[in-house]
Q: 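There's a structure below that I have some questions on.
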Amino acid sequence: MNENQKIAEIFYEIAEYLSMKNIPFKPRAYEKAAEVLEGLEENVSLIYEKGGIAALEKIPGIGLSLAQKIEEFIKTKKIKYYEELKKELPVNLEELRKVEGLGPQSIKKLYDYLKIKNINDLKKAALNGKIRNLPGFGKKSEEKILKSLEFLSKSQNRFLLYKVLPQIEEIKSELEKVRGVKKVVIAGSIRRMKETVGDADILVISSQPQNVIERFTKLNNVVKVTSAGSTKAAVKLNFGMNVDLRIVEEKSFGAALNYFTGSKAHNIALRELSIKKGLKLNEYGLFKISANQEKFVAGENEEEIYQYLGMDYIEPELRENTGEIELALNHRLPKIIGYQDLLGDLQVQTNWSDGTFSIEEMALSAYRFGLKYIAITDHTKNLSVANGLDEKRILKQMEEIDKINTKFKKQGINFTILKGTECDILKDGSLDLPDKILEKLEVVGAAIHTYFNLSKTEQTKRLIKAMQNPNVDIIFHPTGRILQKREAYELDIDEIIQTAKKTKTVLEIDAYPDRLDLNDEYIKKCVECGVKMSIDSDAHSKEHFEYLKYGIAQARRGFAKKTDIINVWPLSKMLKFLKQK
DNA sequence: GCCGTTTTCGGCCCGACTGTTTTCAGTCG
């Protein structure tokens with residue numbers, strides 16, 4: 001965790017402690033500051049070094065008091081105010097706030113009356129029936145706590161998007177069948193296409209809300225109904241994920257979709273902006289306030305809301321309050337890459353190494369998927385577990401590719417297979433195939449698959465050496481992370497991006513949905529530096545071209561335009577670009 | 001505790017649902 005993140009975590013906890021003490025407004029100030037710190041590019045230590053307290057105060061949401069606390073943390077690695085709050089209310093907030101239904105006020109009461117400090121204490125007290133007698137609690141709250149604890153012990157809190165999406169789409173089509181339903185839309189972080197999601201949000205337009213709620217709460221993978229009102233319900237699915245449902249009227253649909261898509265930070269920023277303009281934004285619409293009257297001015301669709309606020313429409317993938325609002329207000333939002341824009345795929349594995357299908361089968365699948373070209377990039381010999389290719393086999397594979405291309409031409413299939421490799425980068429940064437072979441290939445991808453735990457300096461040097469090889473076109477999955485499994489290896493990403501710029505090396509956005517590597521933050525940096533990227537499926541099977549959409553989503557969240565991505569270009573232009581190096 | 005194109009003081013995002021109440025506090029998104 002970096003320094004900004006650490007301070008942000010402390011500020012979040014301070015906010016929680018202050019909420020427990022029922023202090024108004026301050027918690028929000030600390031939360032806001034924490035959010036800003038999390039989104040800050042530059043390390044606060046650096047800012048402080050350069051400009052002292054005054055520079056810290058320039059950060060939005062940070063005033064004198066918080067600037068001093070940040071200074072204190074930089075100097076002493078501690079914040080006294082936070083330590084005192086902890087002493088005063090010695091509860092394990094990190095644990096207790098994960099319990100669904102328990103907020104700061106309840107945690108405080110539980111500590112005051114029963115000295116409950118952690119989940120263990122909580123469970124004991126609930127099992128012994130001690131909670132039901134506390135003021136403000138009852139039998140039902142006690143049961144609720146026990147149920148939450150049960151779920152907590154076996155559930156993880158975030159899920160990979162590609163695993164969740166098909167299941168939620170199934171729920172969507174179930175709801176579409178309900179009588180009176182006009183429209184069903186998936187909102188929330190799924191609509192924003194985050195790489196992992198915490199829950200799902202579904203929005204419905206229906207003339208008969210009760211029917212929808214009834215069907216929704218009785219779906220067969222629902223294990224718990226958290227709430228069910230007349231326009232809103234929440235359930236938990238068998239694999240531990242919460243799904244929220246909201247039924248709205250047609251004229252509020254845009255406002256509701258906007259509200260339900262989030263992110264929360266984006267919503268709050270929009271509402272604050274509305275207030276400044278004498279308007280009010282909620283899930284029912286945008287209203288003009290004047291002399292005790294509210295007049296509906298927009299809300300049927302999202303576009304008219306943004307328009308009324310004087311902004312360009314903001315794509316869901318950009319709604320994180322990380323600068324998109326200012327850009328939209330100044331009409332300077334980039335036109336980000338679209339889901340239909342890719343013409344090629346530059347990383348595809350076949351049964352020559354660790355893929356499942358032949359070159360021809362993969363090519364035909366890509367062709368049917370709508371692509372114009374793919375590069376075959378099987379592993380190289382160093383990766384023996386993947387049956388990597390040596391020089392002899394790769395030469396043979398090149399011949400095979402020529403044959404299939406000729407065959408396609410005869411059959412009138414307008415599709416090109418490029419000769420490529422996913423060449424292993426060895427420990428010292430040299431490549432697993434000799435230059436005389438690499439020269440013959442049209443797309444040379446290079447990637448790290450071994451020695452993940454070299455020091456940051458060594459790993460960076462290793463990758464830079466590979467980029468300096470004039471034959472290397474693309475660095476595949478540049479940081480090596482596997483979501484929820486493996487951390488990225490240590491890397492000085494800024495130096496890598498600078499080198500990519502200098503050497504005209506492309507950095508890949510690997511679209512394989514548990515990689516999504518580069519991440520959105522690094523994509524942003526590449527865009528800013530003018531480093532080109534490719535979006536590749538890393539397909540090991542025929543159906544994996546579907547994964548390209550997750551890579552495109554990732555690129556969109558990184559503000560990438562068509563001009564930033566080389567495989568949106570027609571084949572000749574793309575190849576010409578690679579030859580420039 | 002922060003912030004200012006109506007404000008250096010007085011605001012601070014906003015509404016649904018639940019459970020424990022008997023009019024509302026707490027939680028959530």
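Quick note on labels: first sequence line is chain A, next is B, and so on, each numbered from 1. Values below: every heavy atom of this structure, side chains too, minus hydrogens, waters and symmetry copies.
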Q: Find the distance K98(A):NZ to dC28(B):P and express it as a whole number of Å.
A: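 Rounded to the whole Å, the gap is 14 Å.
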Q: Rounded to whole angstrom, note down the P distance from dT5(B) over to dG1(B).
A: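 Pairwise P distance, dT5(B) against dG1(B), rounds to 23 Å.
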Q: Mind calculating the distance between NZ (K58(A)) and C1' (dG4(B)) to the nearest angstrom?
A: 17 Å
Q: Is the F296(A)-Y284(A) ring centre distance short of 6.0 angstrom?
A: no
Q: Of the nucleotides dC12(B), dC17(B), dG15(B), which one has an atom closest to the side chain of F25(A)?
A: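 Within the option list, the nearest is dC12(B).
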Q: Applying the side-chain hydrogen bond (donor to acceptor under 3.5 Å, both in side chains) criterion to Y306(A), which one of N258(A), N301(A), D312(A) satisfies it?
A: N258(A)
Q: When the P atoms of dC3(B) and dT8(B) are considered, how many whole Å apart are they?
A: 16 Å
Q: With a non-hydrogen cut-off below 4.0 angstrom, is L18(A) in contact with a base, only sugar-phosphate, or nothing?
A: nothing
Q: Start at the 5' end of DNA chain B and walk down; is the nucleotide closest to S141(A) or to P104(A) reached first?
A: S141(A)
Q: If you look at every strand shown and take non-hydrogen atoms under 4.0 Å, does L270(A) touch a base, only sugar-phosphate, or nothing?
A: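 Here L270(A) touches no strand at all.
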Q: Would you measure the distance from the P atom in dC9(B) across to the matching atom in dT20(B) and give it in whole Å?
A: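 These two P atoms come out 46 Å apart once rounded.
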Q: Taking the six-membered ring where the residue is Trp, are the ring centres of H544(A) and Y512(A) under 6.0 Å apart?
A: yes
Q: Assess whether side chain to side chain donor-acceptor pair (under 3.5 Å) is satisfied between R191(A) and T261(A), documenting all intermediate values.
A: CA-CA 7 Å; R191(A) 180 159 180 250; T261(A) 297; 2.8 Å; yes
Q: Could you work out which one of dC2(B), dG29(B), dT27(B) sits closest to the side chain of D201(A)?
A: dG29(B)
Q: Does the side chain of K69(A) get closer than 4.0 angstrom to OP1 or OP2 of dG1(B) through an N or O atom?
A: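 Yes, because at least one side-chain N or O of K69(A) sits under 4.0 Å from OP1 or OP2 of dG1(B).
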Q: A cation-pi test, strictly: NZ or CZ of K69(A) under 6.0 Å from the centre of the six-membered ring of F73(A) and no more than 45 degrees from its axis. Yes or no?
A: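 The answer is no, since K69(A) fails at least one limit relative to F73(A).
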Q: Contact class for A228(A) vs. all strands (heavy atom < 4.0 Å): base, sugar-phosphate, or nothing?
A: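 Contact class for A228(A): sugar-phosphate only.
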Q: Within the structure shown, what part of the strands sits under 4.0 Å from K280(A) by heavy-atom distance: base, sugar-phosphate, or nothing?
A: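 Sugar-phosphate: the residue K280(A), judged by heavy atoms under 4.0 Å, touches backbone atoms but no base.
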Q: Donor-acceptor pair, R215(A) side chain versus E174(A) backbone, under 3.5 Å?
A: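 Answer holds: no.
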Q: Heavy atoms under 4.0 Å, any strand shown: does P60(A) hit a base, just sugar-phosphate, or nothing?
A: sugar-phosphate
Q: Given the C1' atoms of dA16(B) and dT6(B), what is the spacing between them in whole Å?
A: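 Roughly 33 Å separates the two C1' atoms.
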Q: Between dG26(B), dG15(B), dC13(B), which nucleotide gets closest to the side-chain atoms of K109(A)?
A: dG26(B)
Q: I need the CE-C1' distance between M20(A) and dA25(B), as an integer number of Å.
A: 16 Å
Q: Which one, dG15(B), dC13(B), dT27(B), comes nearest to the side chain of S106(A)?
A: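 Nearest to the side chain of S106(A) among the choices is dT27(B).
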Q: For the side chain of K232(A), counting heavy atoms from C-beta on, which of dG19(B), dG1(B), dG15(B) is nearest?
A: dG15(B)
Q: Going by ring centres under 5.5 Å and near-parallel planes (under 30°), is F137(A) stacked on dT20(B)?
A: no
Q: Check for me whether K183(A) meets the cation-pi criterion with F253(A), that is, NZ or CZ under 6.0 Å from the six-membered ring centre and within 45 degrees of the ring axis.
A: yes
Q: On the nucleotide dC17(B), are OP1 or OP2 found under 4.0 Å from the side-chain N or O atoms that T231(A) carries?
A: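 So the side-chain polar atoms of T231(A) do come within 4.0 Å of the phosphate oxygens OP1 or OP2 of dC17(B), strictly under.
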Q: Between E100(A) and K139(A), who's closer to the 5' end of DNA chain B by nearest nucleotide?
A: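 Result of the comparison: K139(A).
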Q: Could you check which of dG1(B), dG29(B), dG19(B) has an atom nearest any side-chain atom of K264(A)?
A: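 Ranking dG1(B), dG29(B), dG19(B) by closest atom to the K264(A) side chain puts dG29(B) first.
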Q: As a test of reading the structure: which of dT20(B), dG15(B), dC13(B) is closest to the side chain of I268(A), going by heavy atoms?
A: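 So the side chain of I268(A) is nearest to dC13(B).
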Q: Output the single nucleotide from dG19(B), dC17(B), dA16(B) whose closest atom is nearest the side chain of S227(A).
A: dC17(B)
Q: Counting only N and O atoms by type, is there a donor-acceptor contact under 3.5 Å from the side chain of E304(A) to the main-chain atoms of E300(A)?
A: yes
Q: In the structure shown, which nucleotide is the Watson-Crick or G-U wobble counterpart of dA25(B), with both distances under 3.5 Å?
A: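 Base partner found: dT18(B).
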Q: So which nucleotide from dC2(B), dC14(B), dT20(B) ends up closest to the side chain of K140(A)?
A: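 The listed nucleotide nearest to K140(A)'s side chain is dT20(B).
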Q: When rounded to the nearest Å, what value does the distance between C1' atoms of dG29(B) and dC13(B) take?
A: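 Here dG29(B) and dC13(B) have their C1' atoms 12 Å from each other.
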Q: How far, in whole Å, is dT18(B) from dT7(B) if one measures between their P atoms?
A: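 Looking at atom P only, dT7(B) and dT18(B) are 44 Å apart.
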Q: Calculate the interatomic distance between N267(A) atom CG and dC14(B) atom P; express it in whole Å.
A: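 It is 12 Å, rounded to the nearest whole Å.
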Q: Distance check needed: dT27(B) C1' versus K108(A) NZ, whole Å only.
A: 18 Å
Q: Just how far, in rounded Å, is C1' of dC13(B) from CG of L273(A)?
A: 13 Å
Q: Just to confirm, is there a sub-4.0 Å distance from OP1 or OP2 of dA16(B) to any side-chain nitrogen or oxygen of Y284(A)?
A: yes
Q: What nucleotide among dG29(B), dG1(B), dT27(B) has an atom nearest to a side-chain atom of Q105(A)?
A: dT27(B)
Q: Distance check, P atoms only: dG15(B) and dG10(B), in whole angstrom units.
A: 25 Å
Q: Would you mind classifying the nucleic acid contact of P24(A) as base, sugar-phosphate or nothing, using non-hydrogen atoms under 4.0 angstrom?
A: nothing
Q: Let me know the distance between CZ of R271(A) and P of dG29(B), rounded to the nearest Å.
A: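 My rounded result for the distance is 14 Å.
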Q: Which whole-number value in Å describes the distance from L146(A) CG to dG19(B) C1'?
A: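 Spelled out: CG on L146(A) to C1' on dG19(B) is 16 Å.
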Q: For atom P, what is the distance between dG11(B) and dT23(B), given to the nearest Å?
A: 28 Å
Q: Applying a 4.0 Å non-hydrogen cut-off, can you work out what K277(A) is touching in the nucleic acid: base, sugar-phosphate, or nothing?
A: nothing
